[in-house]
Amino acid sequence: MKKDIKNFTLEELKGYFKEKNLPLYCAAQIFGWIYSKRIEDFNLMTDIAKDVRVLLLENFYFSKLKIENREISSDKTEKLLFGLSDGAAIESVLIPEPERATLCLSSQVGCKYSCKFCSSGSRGLKRNLTPAEIINQYLAISDLTRKKITNIVFMGIGEPLDNFENVVKAIKIFVQPKGLNLSASRISVSTCGVIPQIEELLRRKLGVKLSVSLHSADSDIRSKIMPVNVKYPLVELIKTLKKSGKNEKYPITFEYALFGSLNTGKLAAQQLIRLLKGMNCKINLIPYNATQGIFKEPTKTEVEEFCSELKNAGLFYTLRKSRGQDIHAACGQLYALWK
Ligand code: SAH
């Protein structure tokens with residue numbers, strides 16, 4: 001059976017070439033054709049020997065995502081709906097800013113963690129994306145928009161650390177100089193807090209940034225809104241991050257969605273300050289984006305009060321401006337129906 005060539009990291013492709021007794025430098029050339037020259041036809045790879053091309057044609061194919069829908073928000077955020085070969089669907093979001101363009105990628109079809117405020121997991125998990133399906137989101141959007149994508153965040157549909165090896169392979173292709181040549185420091189992996197995989201990710205030393213979706217410093221509240229907290233409780237999560245994250249070059253980012261009358265107010269802020277004391281971290285506050293469910297958007301006063309508590313405690317925080325709400329492209333609003 002033919003293999004999808006974009007599932008291969010450069011090392012893996014070299015391994016394949018070694019097995020077949022072919023020159024290893026061809027693997028790097030092929031990477032250059034695909035990712036730098038954007039050619040997806042072995043016949044056009046003119047500096048590769050004919051017999052090697054024939055072997056590639058017989059053994060590999062190029063997968064492509066089908067663009068099912070493209071929506072552009074009034075703030076220029078774009079949301080793409082992609083159809084996959086098995087009828088599944090995913091969404092990706094491109095967020096242009098004056099100095100950069102951030103691409104928000106999906107890592108799975110659906111999600112098994114069922115955070116109560118997030119639409120992406122409302123129907124559970126269907127399957128993991130392949131490395132090629134992750135990379136293809138980037139390629140399709142960069143080919144379509146011709147925009148230079150400067151940053152990647154694994155903050156679309158799915159829990160990236162639940163699809164660990166495929167996400168790691170995709171990262172390796174993104175940062176490979178002969179591949180897409182992005183700096184690892186411009187890639188963020190966001191997790192709801194899957195402790196063993198956080199440890200493994202830090203052990204691999206890929207140089208990517210880590211974001212952790214916290215949303216409450218109160219373990220009971222967190223368990224109610226994020227069932228993952230029952231298996232991997234807050235105290236353990238923070239202990240792991242303090243221990244394994246202490247040698248990280250970049251501070252860990254904590255995402256904290258502000259829900260009206262639930263995790264805002266002075267007490268909640270003080271709890272958060274106590275929890276994160278002494279950690280090299282920053283907090284990304286995200287005013288809740290309405291989805292179906294029981295949650296309320298925070299009032300302006302709630303947001304301001306929370307910010308001023310963090311500021312007074314000397315914690316570094318940013319308040320995320322929600323982008324693309326009019327096309328349901330904001331955090332937690334991604335939801336692609338699959339067959
Ligand atoms: N599964 C990973 C990747 C998703 S990232 C994770 O949980 O981190 C998407 C971010 O948006 C997460 O921080 C998530 O908790 C947050 N989010 C989900 N639904 C939201 C909503 N309705 N409003 C604001 N943020 C939301």
Side-chain angles (χ1 to χ4, degrees), residues 77 79 90-93 95 102-122 124-125 128-129 134 137 151-164 166-167 170-171 187-195 197-198 201 208-217 221-229 231-232 234 237 241 252-260 262-264 281-298 302-303 306 317-325 327-336:
T77 297
K79 183 169 78 169
I90 46 163
E91 290 182 324
S92 330
V93 178
I95 309 154
T102 303
L103 177 62
C104 178
L105 292 178
S106 291
S107 55
Q108 297 183 307
V109 180
C111 180
K112 74 175 187 202
Y113 285 95
S114 57
C115 297
K116 299 288 180 257
F117 43 82
C118 180
S119 308
S120 301
S122 54
L125 173 70
N128 283 330
L129 294 185
I134 297 173
Q137 296 171 60
N151 294 64
I152 288 179
V153 293
F154 281 90
M155 295 189 186
I157 299 170
E159 166 53 46
L161 298 190
D162 196 37
N163 183 15
F164 192 88
N166 290 351
V167 166
I171 291 171
I187 300 179
S188 291
V189 175
S190 181
T191 176
C192 62
V194 191
I195 293 177
Q197 272 78 28
I198 291 178
L201 183 74
V208 295
K209 289 181 176 161
L210 178 66
S211 289
V212 178
S213 298
L214 200 63
H215 305 327
S216 178
I221 294 181
R222 193 165 189 268
S223 293
K224 282 201 188 104
I225 61 175
M226 298 180 72
V228 66
N229 193 64
K231 187 158 181 199
Y232 299 118
L234 197 54
L237 176 64
L241 293 171
I252 288 167
T253 298
F254 288 102
E255 289 156 282
Y256 194 103
L258 295 162
F259 303 106
L262 181 79
N263 62 353
T264 52
C281 65
K282 59 182 191 188
I283 301 162
N284 192 358
L285 298 173
I286 321 168
Y288 167 61
N289 298 308
T291 55
Q292 281 148 333
I294 50 169
F295 297 94
K296 281 196 300 198
E297 288 171 33
E302 281 178 307
V303 175
F306 206 85
Y317 74 91
T318 47
L319 182 61
R320 190 185 292 176
K321 209 170 92 217
S322 260
R323 301 278 305 253
Q325 267 181 332
I327 55 165
H328 286 98
C331 295
Q333 294 183 324
L334 296 189
Y335 171 82

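Counting starts at 1 for both ligands and their atoms, following the listed order.
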Apply side chain to side chain contact (heavy atoms under 4.5 Å, CB included) to Val109 and Ile90, showing your working. CA-CA 6 Å; Val109 180; Ile90 46 163; 4.1 Å; yes
Measure the distance from atom 4 (C) of ligand 1 to every protein heavy atom, then report the residue, atom name and distance (to 0.1 Å) of the closest one. Gly156 O, 3.8 Å
Look at the aromatic rings of Phe259 and His215 and report parallel, tilted or perpendicular, splitting at 30° and 60°. perpendicular
To atom 3 (C) of ligand 1, the nearest of Gly158, Cys192, Ser188 on a heavy-atom basis is Gly158
Set out, in order, the CA-CA distance, both residues' side-chain angles and the distance that settles side chain to side chain contact (heavy atoms under 4.5 Å, CB included) for Ser190 and Val153, then state yes or no. CA-CA 7 Å; Ser190 181; Val153 293; over 6 Å; no
Test of ring centre spacing under 6.0 Å for Phe306 and Tyr256: yes
Would you say ligand 1 has an N or O under 3.5 Å from any N or O of Phe154? no
Distance from Leu103 atom CG to Ile152 atom CD1, nearest 0.5 Å? 6.0 Å
Test item, Gly193 contacting ligand 1 (heavy atom, 4.0 angstrom): no
Given that the side chain starts at C-beta and the backbone is N, CA, C, O, which of these parts of Glu159 lies under 4.0 Å from ligand 1, counting heavy atoms, or is it both or neither? both
Indicate, as side chain, backbone, both or neither, the part of Val212 found under 4.0 angstrom from ligand 1 when only non-hydrogen atoms are considered. neither
A student comparing Arg320, Met226, Met155 should find that the heavy atom closest to atom 5 (S) of ligand 1 comes from Met155
Starting from atom 13 (O) of ligand 1, what is the nearest protein heavy atom, named by residue and atom, and what distance separates them? Ser213 OG, 2.6 Å
Considering only non-hydrogen protein atoms, determine which one is nearest to atom 18 (C) of ligand 1 and report residue, atom name and distance to 0.1 Å. Gly332 CA, 3.4 Å
Distance from atom 10 (C) of ligand 1 to nearest protein heavy atom, with residue and atom: Glu255 OE2, 3.8 Å
If the cut-off is 4.0 Å to any non-hydrogen atom of His215, which atoms of ligand 1 fall inside it? 13 (O), 14 (C), 15 (O)
Give me the residue, atom name and distance of the protein heavy atom closest to atom 11 (O) of ligand 1. Cys331 CB, 3.3 Å
Only heavy atoms count here, so choose which of Tyr256, Phe117, Phe254, Tyr113 is nearest to atom 17 (N) of ligand 1. Phe117
Among protein heavy atoms, which lies nearest atom 23 (N) of ligand 1, and at what distance? Asn289 N, 3.0 Å
